[in-house]
A.B. asks: 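This is the structure, below, for whatever I ask next.
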Amino acid sequence: MRWKEQLLTLTPYQPGKSIEAVKKLFNLDRIVKLASNENPFGCSEHALSALQTNQTSLAIYPDGYATQLRETLAAFLQVDLDELLLGNGSDNLIQIISRALLHPNASTIMATPTFSQYKHNAVIEGAVIREIPLINGDHDLDTMLKAIDETTNVIWVCSPNNPTGTYIQENKLISFLDKVPPHVLVVLDEAYYEYVVAEDYYDSITLTRKYENLIVLRTFSKIYGLAALRVGYGVANRVIIKALEPVREPFNVNSLGQLAASAAIKDQEFVEVCKEKNRQGLAQFYQFCEQYQLEFYPSQTNFILIDFKVDGDEIFQYLQERGYIVRSGKALGFPTAVRITVGSSEQNEGVLKALGEFLAEK
Ligand SMILES: *Cc1c(COP(=O)(O)O)cnc(C)c1O
């Protein structure tokens, strides 16, 4: 068969070993997973009870327009119904955008290291990829601007950035948006938006009113704790949404996801509580880093990238044997670092204790 040549260069997403397998292998009675930036506090009770009390027939296709979720989100964000694009997770939105705009004669620009799916999808579409290195963990917006030319169709901006946890300040983002030519779609991925506390952070939804080439992506997988149900959304002006809609699969958001997400949006108290606990959790990590004089990026997210100046895989292994699963920085572009999701206070204490022992043994 004549597969797209570029597929030969890709490897499928490598899921870690299953929790059960790790338990057995190292004879552990519990495993704490701090690898995928999931919410250690689960999801809102409202979402759980919506799933229990609503009788969704599994034999019936989902509402392809996701009417209830769309209306709830539109009211919450104060946008119109046709300014929203719903996705099977924001990964699906990245795929839709790539499919709609990227091809072998188009170029696309992104930071590096950043979230892997921008490049992955661009490779599949055969687009020309321009990766602009981060500077001290931050997007180098000036160099990204210089990389734009007539062929550029999409520029990806991840703020706060995964895996560094850093964000773009409002004035910098605005001066960047002012300079991006109108033929380039700016994708602002805000998967960690709800965790941000920085005061000079922008109001991205308001920016979509002013910049007609901007789409903002958010997700229910992170602070809302609904990663299993796969719901994400995009906000942009209706011209962009209208152009993207035909690329979306008709039933891309499942019925349970629609139900849970609509209920979760209405429980902002849960979001606030998680945000606060996350700040306290990050403080535990900061204190540890200062105590051991480790380099890290101050984080606006629910994870932290810490540089241990040893092979990240070695730390991954050490922690795994002790029941903690984190992400080695090796596959993330930071070979001597690990990325750790902020857990509950006890989980953080536990993983930091193990890391302290690792450092003492060194
Ligand atoms: C987790 C994550 C996503 C994907 O989220 P889903 O909605 O679960 O697909 C997108 N972007 C970034 C930066 C992420 O970290």
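All ligand and atom numbering here is 1-based and tracks the order in the structure.
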A.B. asks: Pick, from Glu38, Lys222, Arg230, the option with the minimum heavy-atom distance to atom 14 (C) of ligand 1.
C.D. replies: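 Minimum heavy-atom distance to atom 14 (C) of ligand 1 goes to Lys222.
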
A.B. asks: Hey, does Tyr118 come in under 3.5 Å of ligand 1, counting only N/O atoms on both sides?
C.D. replies: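 For ligand 1, there is no N or O atom that lies under 3.5 Å from one belonging to Tyr118.
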
A.B. asks: Would you check whether Thr219 has a nitrogen or oxygen atom less than 3.5 angstrom from a nitrogen or oxygen atom of ligand 1?
C.D. replies: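 Indeed, backbone or side chain, Thr219 has an N or O that close.
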
A.B. asks: To which protein heavy atom is atom 5 (O) of ligand 1 closest, and what is the distance rounded to 0.1 Å?
C.D. replies: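 In this structure, atom 5 (O) of ligand 1 has Ser90 OG, 3.3 Å as its nearest protein heavy atom.
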
A.B. asks: Is the terminal nitrogen or CZ of Arg218 (NZ for Lys, CZ for Arg) located under 6.0 angstrom from the six-membered ring centre of Tyr193 and within 45° of that ring's axis?
C.D. replies: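 Yes, a cation-pi geometry.
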
A.B. asks: Show your working on side-chain contact (heavy atoms from CB on, under 4.5 Å) between Phe251 and Glu249 and close with a plain yes or no.
C.D. replies: CA-CA 6 Å; Phe251 305 110; Glu249 286 173 57; over 6 Å; no

A.B. asks: Among all protein heavy atoms, pick out the one at the shortest distance from atom 11 (N) of ligand 1; state its residue, atom name and that distance to 0.1 Å.
C.D. replies: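 Checked against all protein heavy atoms, atom 11 (N) of ligand 1 sits closest to Asp189 OD2, 2.6 Å.
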
A.B. asks: Can you list the atoms of ligand 1 that are under 4.0 Å from a heavy atom of Ser221?
C.D. replies: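 Within the 4.0 Å cut-off of Ser221, ligand 1 contributes 6 (P), 7 (O), 8 (O).
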
A.B. asks: Quick one: is the NZ or CZ of Arg322 closer than 6.0 Å to the six-membered ring centre of Phe26, and within 45° of its axis?
C.D. replies: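 No, cation not above the ring by the 6.0 Å, 45° rule.
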
A.B. asks: With a 4.5 Å cut-off on side-chain heavy atoms, are Tyr233 and Leu69 touching?
C.D. replies: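 Leu69 vs Tyr233: side chains apart.
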
A.B. asks: Measure Asn162 to ligand 1 on non-hydrogen atoms and call it side chain, backbone, both or neither using the 4.0 Å cut-off.
C.D. replies: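 Near ligand 1, Asn162 shows its side chain, while the N, CA, C and O stay back.
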
A.B. asks: State the atoms of ligand 1, each with its element, that fall below the 4.0 Å cut-off from a heavy-atom position in Gly89.
C.D. replies: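 Matching atoms, with element in brackets: 6 (P), 7 (O), 9 (O).
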
A.B. asks: Group every Ile, Leu, Val, Met, Phe, Trp and Tyr by side-chain heavy-atom contacts under 4.5 Å, then state whether Tyr224 and Leu229 land in the same group.
C.D. replies: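 Per the 4.5 Å side-chain linkage, Tyr224 and Leu229 are co-clustered.
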
A.B. asks: Does the cation-pi check pass for Lys222 over Tyr195, that is, NZ or CZ under 6.0 Å from the six-membered ring centre and within 45° of its axis?
C.D. replies: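 No cation-pi geometry.
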
A.B. asks: Please state whether Cys158 comes within less than 4.0 angstrom of ligand 1, counting heavy atoms only.
C.D. replies: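 Yes, Cys158 has heavy atoms under 4.0 Å from ligand 1.
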
A.B. asks: Set out, in order, the CA-CA distance, both residues' side-chain angles and the distance that settles side-chain contact (heavy atoms from CB on, under 4.5 Å) for Leu34 and Phe303, then state yes or no.
C.D. replies: CA-CA 9 Å; Leu34 301 172; Phe303 59 82; over 6 Å; no

A.B. asks: Report the part of Tyr192 (side chain from C-beta onward, or backbone N, CA, C, O) that has a heavy atom under 4.0 Å from ligand 1; answer both or neither where that applies.
C.D. replies: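 For Tyr192, only side-chain atoms sit under 4.0 Å from ligand 1.
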
